[in-house]
A.B. asks: 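Here it is: the structure, laid out below.
Residue numbers begin at 1 in each chain, while the letters A, B, ... track the order of the sequences.
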2 protein chains.
Amino acid sequence: VSAAPVGPGATGRLFGVGVGPGDPDLMTVRAVDLVRGADVVAYHCARHGRSNARAIAAAHLGTQIEEALTYPVTTETVGGPEDYQARLDGFYADVAARLAEHLDAGRDVVVLSEGDPFFYGSFLYLHARLGTRFPAVVVPGVSSVMASAASARRPLSARGDILTVLPATLPDDRLRAAILGADSLAILKLGRHFARVKRLLAELGLTDRAIYAERVTQGGERVLPLAETGDTAPYFATLLVYRGTEPAILGTLA
Amino acid sequence: VSAAPVGPGATGRLFGVGVGPGDPDLMTVRAVDLVRGADVVAYHCARHGRSNARAIAAAHLGTQIEEALTYPVTTETVGGPEDYQARLDGFYADVAARLAEHLDAGRDVVVLSEGDPFFYGSFLYLHARLGTRFPAVVVPGVSSVMASAASARRPLSARGDILTVLPATLPDDRLRAAILGADSLAILKLGRHFARVKRLLAELGLTDRAIYAERVTQGGERVLPLAETGDTAPYFATLLVYRGTEPAILGTLA
């Protein structure tokens with residue numbers, strides 16, 4: 001995982017760096033080193049200015065130039081999906097131009113990604129715009145899916161199990177087919193879809209096979225059986241569902 | 001991710017610690033700290049004595065007691081599946097008894113797991129035997145799936161994509177159904193199933209959507225389009241297949 005060294009007059013390098021699920025100690029050694037040595041550290045921010053990715057890496061920030069990349073909208077409901085897409089495209093074009101200025105000036109840019117950069121991460125949109133123009137390196141990170149299983153003390157998958165990661169945003173028929181085709185599931189992006197997914201799992205007789213995990217490895221971590229949850233959940237919560245037959249996993253569900 | 005502190009006369013704690021895909025710098029800060037501070041470090045070994053997990057953590061080993069857990073058989077082909085299962089059960093019972101002696105004596109035991117402990121990891125069999133008798137903590141790690149995508153510079157999944165992790169050991173009909181139900185796939189455990197999976201992907205018109213990754217983040221890393229591979233692959237190789245429509249992923253395939 002190394003890019004060509006930068007000589008005088010050369011451009012900087014773009015690093016997409018996974019910083020893990022929340023606990024700063026779940027950053028990799030490589031991620032810590034790259035953040036500390038970066039000329040520029042960039043991270044996504046919600047409109048209210050908070051950045052989870054920055055919070056994870058905060059202990060390693062000092063004199064680096066910081067670039068906060070503030071999302072223009074917070075949900076897909078504002079103005080409909082087409083307006084949302086147009087705003088996002090404009091946002092990534094602006095951000096890519098800002099980071100390209102640093103790279104053209106020879107400055108190494110580290111983009112912090114919660115979890116892993118290429119697993120439902122927004123870094124992939126920057127990589128698509130900048131990854132062929134500049135030397136680029138992607139540093140994998142610990143995903144929230146693995147962290148949820150660890151916090152729940154419930155293994156994800158064994159031997160011949162099929163494991164499917166499923167965004168809760170999909171319609172019922174796609175969710176149902178994917179659930180029935182897998183032995184193990186991690187259902188992401190719950191938010192306003194939580195009650196619907198919960199109902200669907202009940203219909204399929206899977207409520208007792210499901211564990212809910214929220215803010216894993218962070219302050220306020222909540223891990224509990226699906227049956228004990230209410231009807232709301234934040235966007236970044238995860239459901240783990242096990243439909244398989246592996247005794248070493250089933251034994252941890254009770 | 002903390003267990004209750006150990007007082008005088010108390011048992012030791014069991015840690016299942018992911019050490020990542022191969023590059024020692026892809027260990028987490030937590031993993032490094034736990035390995036350094038452990039009384040006992042245990043790791044799985046092939047019969048020839050090599051342990052990839054130990055190699056990853058080697059720089060952090062010194063005066064810790066080491067427990068090499070040597071698999072009794074190397075593939076499921078020896079003596080048929082029932083004999084294999086019986087041998088494995090005996091192996092895990094023996095290993096659990098060895099580690100329980102350390103834990104009963106108050107020694108903290110760190111079990112090194114390549115990748116992540118609960119993602120197709122053998123730690124889950126030890127956790128099933130020891131995780132209720134002793135205080136246990138699971139520390140997630142960087143999975144080879146995320147590392148393969150990073151090395152290939154090909155994002156795994158975006159937005160509403162369904163991502164399925166599929167062991168190549170499954171029969172054709174299950175592989176086909178799982179492939180057609182997902183937008184993105186990581187196919188693991190290739191080994192002697194590689195030629196069959198390659199043929200299946202060709203039948204489904206997906207050869208040009210597939211990237212082969214072997215020994216990612218380690219010496220001898222090989223990442224190439226599926227079309228450029230031969231007919232054999234090691235067990236720990238991965239195929240990444242993208243069937244979805246996300247332009248930021250498709251654009252990086254050409």
A.B. asks: Look at A/Ala168, A/Gly20, A/Pro155 and state which one has the largest set of heavy-atom pairs under 4.5 Å with chain B.
C.D. replies: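 The answer is A/Pro155.
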A.B. asks: Hey, which of B/Ser157, B/Gly160, B/Ser143, B/Pro167 has the most heavy atom pairs under 4.5 Å with chain A?
C.D. replies: B/Ser157
A.B. asks: Is it the backbone or the side chain of B/Ala178 that comes under 4.5 Å from a heavy atom of chain A, or both, or neither?
C.D. replies: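 Interface part for B/Ala178: side chain.
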A.B. asks: Indicate whether any N or O donor in one side chain lies under 3.5 Å from an N or O acceptor in the other, for B/Tyr71 and B/Ser122.
C.D. replies: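 Per modelled atom types, B/Tyr71 and B/Ser122 side chains form a pair under 3.5 Å.
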A.B. asks: For A/Arg129, which atoms come within 4.5 Å of any heavy atom of chain B: side chain, backbone, both, or neither?
C.D. replies: neither
A.B. asks: Can we call the ring centroids of B/Phe91 and B/Tyr125 under 6.0 Å apart?
C.D. replies: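 No, the ring of B/Phe91 stays outside the 6.0 Å limit from the ring of B/Tyr125, centre to centre.
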A.B. asks: Who wins among B/Ala177, B/Ala128, B/Gly141, B/Ser184 for the most heavy-atom pairs under 4.5 Å with chain A?
C.D. replies: B/Gly141
A.B. asks: When B/Leu185 is tested against each of B/Leu156, B/Leu239, B/Val165, B/Leu166 for side-chain contact (heavy atoms from CB on, under 4.5 Å), which residue passes?
C.D. replies: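 Per the side-chain contact (heavy atoms from CB on, under 4.5 Å) rule, the option paired with B/Leu185 is B/Leu166, out of B/Leu156, B/Leu239, B/Val165, B/Leu166.
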A.B. asks: What do you reckon, are the aromatic ring centroids of A/His44 and A/Phe123 less than 6.0 Å apart?
C.D. replies: no
A.B. asks: Is A/Leu170 in contact with chain B via its backbone, its side chain, both, or neither, using a 4.5 Å heavy-atom distance?
C.D. replies: side chain
A.B. asks: With chain A as the partner, which of B/Ala186, B/Ala149, B/Gly121, B/Gly181 has the greatest number of non-hydrogen pairs under 4.5 Å?
C.D. replies: B/Ala149
A.B. asks: Do any N or O atoms from the side chain of A/Asp25 and from the backbone of B/Arg30 form a donor-acceptor pair under 3.5 angstrom?
C.D. replies: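 Between the backbone of B/Arg30 and the side chain of A/Asp25 there is no qualifying donor-acceptor contact (under 3.5 Å).
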A.B. asks: A/Ala182 versus chain B, heavy atoms under 4.5 Å apart: side chain, backbone, both or neither?
C.D. replies: neither
A.B. asks: Determine, for B/Asp183 against A/Arg174, whether the closest basic-nitrogen to carboxylate-oxygen distance falls under 4.0 angstrom.
C.D. replies: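 Looking at B/Asp183 and A/Arg174, the cut-off is met.
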